[in-house]
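One structure below.
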Protein chains: 2
Amino acid sequence: MPMDGAKTERLRETLAKYMAKKGLRSTEQRRLIVDTFFESPAHITIEELLANVRASDPKVGYATVYRTLKLLAESGIAHERRFGDGVTRYELADDEDEHHDHLICTECQAIIEFEDPRLEEIEQEIAERYGFEVQWHKHELYGVCASCQEKRNKKARNGRRK
Amino acid sequence: MPMDGAKTERLRETLAKYMAKKGLRSTEQRRLIVDTFFESPAHITIEELLANVRASDPKVGYATVYRTLKLLAESGIAHERRFGDGVTRYELADDEDEHHDHLICTECQAIIEFEDPRLEEIEQEIAERYGFEVQWHKHELYGVCASCQEKRNKKARNGRRK
DNA sequence: CTAAGTGCAAAAAGTTTGCATTCCG
DNA sequence: CGGAATGCAAACTTTTTGCACTTAG
């Protein structure tokens, strides 16, 4: 029994509509994978999701998770993300008009989400400048997070003391 | 004889310094690969660069291009980019304080570069808000370019006429 | 029934790496 | 000379696909 917020609810509807339109079927595996995905933290990989799914049903195959995630992406309720470490990650779509972006720590791989409406405005303006019709965007700042900076400083102090 | 602008000149120096510091050697292959890279359009793939390099010296191996590009990235004179189509692309670094970002057409794969100083400012502000030390960023708008929109409209008109 | 979905295993597609050989400094 | 660099091929990693079997509608 997945605990569904208003947002989740809306996404489920979107998915149902998409599947109906395309004549796709609701199977036990798909329901399980989708439910598990909805309960998972953002930026999950296929591998991770598969592990979670197998906790409920060990017989589910990698390919099914792979294909279901593709389906979610096509239907627009999930986004594929590649943060440059070679794996594809998935996250639930945002609401119609809100988007968030990411800060990615290059030391501990932490992913922090942020949001700023001004960025959206400027992006829109740029797109117009080029007659470009934006479908989605990717905005990622790579660097060192606060806690890794601290660790780094601590290490420096210890090194000196020795 | 590569035609070097002021920017290229500076990047070459940076590379030379980096190699000296690390005790790396200047080989015939590296010189050829680097020169070819400097003359290539932005966002080139290893495969493409290899083809261009082999036009001058067919014996150069994939791994050498791969490792040289890694070297350029480490030295800071080139950037690795992944635009989500599974291949890694490389482009020459920008000057110290100017950065550009990308518009990527999901139909014709065209890559358009843009630049807006306001984005830099806001990013900096966001990073500070999270105590984050930015090393580099990625800002890409995916969508349909002007010319593909036209094609699309044309097709729609023809379809209707038929 | 029958077309869509599943699971498995094999195929692709790219990226990395080990190693014998070559060659820069 | 001696350690770096190269080229080849093999190893890896992750994504994608073919196919025989199962199942939702």
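On a predicted model such as this, the values are computed, not experimentally measured, just so you know. Order of the sequence lines fixes the chain letters, A, B, ..., with proteins taken first and strands second; residue numbering starts at 1 for each chain.
When the side-chain contact (heavy atoms from CB on, under 4.5 Å) test is applied to B:Ala42, the partners found at least two apart in sequence or on another chain are B:Glu91, B:Glu113. For B:Glu80, the side-chain contact (heavy atoms from CB on, under 4.5 Å) criterion is met by B:Lys70, B:Ala73, B:Arg82, B:Thr88, B:Tyr90, not counting sequence neighbours. With sequence neighbours excluded, the residues that form a ring-ring contact (aromatic ring centres under 6.0 Å, His included) with A:His43 are A:Phe83, A:His102. Listed by chain and residue number, A:Asp116, B:Ile122, B:Glu125, B:Arg129 satisfy the side-chain contact (heavy atoms from CB on, under 4.5 Å) test with A:Arg118 (two or more places apart in sequence, or in another chain). Scanning for side-chain hydrogen bond (donor to acceptor under 3.5 Å, both in side chains) contacts around A:His137 gives A:Asp101, A:Glu123, with sequence neighbours left out.
In this structure, A:Gln29 does not reach the D:dT22 phosphate: none of its side-chain N or O atoms is under 4.0 Å from OP1 or OP2.
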Enumerate, atom names and distances included, each donor-acceptor pair closer than 3.5 Å involving a side-chain atom of residues 57-67 of chain A, sequence neighbours excluded.
| unit_1 | atom_1 | unit_2 | atom_2 | d |
| --- | --- | --- | --- | --- |
| A:Asp57 | OD1 | A:Lys59 | N | 2.9 |
| A:Asp57 | OD1 | A:Lys59 | NZ | 3.3 |

Solution key, residues 15-29 of chain B side-chain donor-acceptor pairs under 3.5 Å, sequence neighbours excluded:
| unit_1 | atom_1 | unit_2 | atom_2 | d |
| --- | --- | --- | --- | --- |
| B:Tyr18 | OH | B:Glu74 | OE1 | 3.1 |
| B:Ser26 | OG | B:Arg31 | NH1 | 2.9 |
| B:Thr27 | OG1 | B:Arg30 | N | 3.1 |

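Across B:Cys105 and B:Val144, no two heavy atoms sit closer than the pair SG-CA, 4.1 Å.
Closest-nucleotide positions on DNA chain D for B:Ile33 and A:Tyr62 were compared, and the one nearer the 5' end corresponds to B:Ile33. Between B:Tyr90 and A:Thr64, the residue anchored closer to the 5' end of DNA chain C is A:Thr64, taking for each the nucleotide with the nearest heavy atom.
The local environment of CD in A:Glu107 is crowded, with over 12 non-hydrogen atoms from other residues, nucleotides or ligands closer than 6.0 Å.
Note: NZ (B:Lys59) to P (D:dC8) measures 10 Å, nearest angstrom. Atom CZ in B:Arg30 sits roughly 6 Å away from atom C1' in D:dA5 (whole-Å rounding).
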So which protein nitrogen or oxygen atoms get under 3.5 Å of nucleotides 23-25 of chain D's nitrogens or oxygens?
| unit_1 | atom_1 | unit_2 | atom_2 | d |
| --- | --- | --- | --- | --- |
| D:dA24 | N3 | A:Arg25 | NH1 | 3.1 |
| D:dG25 | OP1 | A:Ser26 | N | 3.3 |

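Bracketed by its first and final contacts, the part of DNA chain C lying under 4.0 Å from non-hydrogen atoms of chain B reaches from C:dG14 to C:dG25 in 5' to 3' order.
Looking at B:Thr106, its side chain does come within 3.5 Å of a backbone N or O of B:Gly143 through a donor-acceptor pair. Remark: the backbone N or O of B:Ile104 is not paired with any side-chain donor or acceptor of B:Gln109 at under 3.5 angstrom. Side-chain atoms of A:Glu48 come within 3.5 Å of backbone N or O of A:Thr45 as a donor-acceptor pair.
Residues of residues 40-56 of chain B having a heavy atom closer than 4.0 Å to DNA chain D: none are found. Residues of residues 67-80 of chain B that place a heavy atom closer than 4.0 Å to DNA chain C, in numerical order, are B:Arg67, B:Lys70.
In summary, the side chains of B:Glu128 and B:Tyr130 do not present any donor paired with an acceptor at a separation below 3.5 Å, with no hydrogens or angles considered.
Axis angle across the helix from C:dC1-D:dG25 to C:dG25-D:dC1, with five pairs used at each end and values rounded to 10°: 30°.
Taking CD1 from B:Ile111 and SG from B:Cys145, the interatomic distance works out to 11.5 Å, rounded to the nearest 0.5 Å.
Counting only heavy atoms from C-beta outward, the side chains of B:Ile126 and A:Leu119 approach each other to under 4.5 Å.
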